Amino acid sequence: DEVYVRRFNANDGKLGEPLRISIGSGRRPRWRRDGTELFYLAAPQAGTRVQVMAVSIKTGGASLQVAAPTALFTTRMLSGIETDYDVTRDGQRFLVGTILDAPSATRPSSIIVLNWTAELKN
């Protein structure tokens, strides 16, 4: 598996040549909302560990300028879930479905707040 991008010309509807983004392997790409960065998962390492990678991309003119991939962090992701991670609009925070390190570890609890907008009025 690899991650590729293609330039799209909106004027004539033509696609440019595929440009490989990942090095070695990559899957499940996610764009930063402003289109300046692409995130993807690198090949699994030991067991279920994967590395979240980032690539800066500049558009403009006739070509794409792509920086070298940078490793952001390594995590253990849940397998078999298509949306096992996502990134915020600004590309600064990630939501990751993670495997706990030990079966006996205390699982974090969830708190659901209803009608939270009413609290803003106080």
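Computed from heavy atoms alone, side chains included, the values below leave out hydrogens, waters and symmetry copies. Numbers for residues simply follow the sequence, beginning at 1. Predicted model only: the values in this text are computed from it and were never measured.
Across all their heavy atoms, Gly24 and Glu2 have their closest contact at O-OE2, 3.0 Å. Between Tyr40 and Ser25, the closest heavy-atom pair is CE1-O, 3.7 Å. Considering all non-hydrogen atoms of both residues, Ala54 and Leu72 come closest at CB-CD1, 3.7 Å.
Checking side-chain atoms of Arg6 against main-chain N and O of Glu17 turns up no donor-acceptor pair under 3.5 Å. Using a distance-only test at 3.5 Å, with no hydrogens or angles considered, a donor-acceptor pair links the side chain of Arg30 to the main chain of Tyr85. Looking at Ser56, its side chain never comes within 3.5 Å of a backbone N or O of Ala67 through a donor-acceptor pair. Here the side chain of Thr88 pairs a donor or acceptor atom with the backbone of Arg93 at under 3.5 angstrom.
Under the 4.5 Å side-chain criterion, counting only non-hydrogen atoms from C-beta, Val5 is in contact with Leu38.
Aromatic rings from Phe94 and Phe73 are positioned such that their centres are separated by under 6.0 Å.
With rounding to the nearest 0.5 angstrom, the CG atom of Asp1 is 9.5 Å from the CZ atom of Arg28. Separating the CD atom in Gln92 from the CZ atom in Arg32 is a distance of 6.0 Å, to the nearest 0.5 Å.
Remark: of the listed residues Leu19, Thr36, Ile21, Ile21 is the sole one forming a side-chain contact (heavy atoms from CB on, under 4.5 Å) with Ile57.
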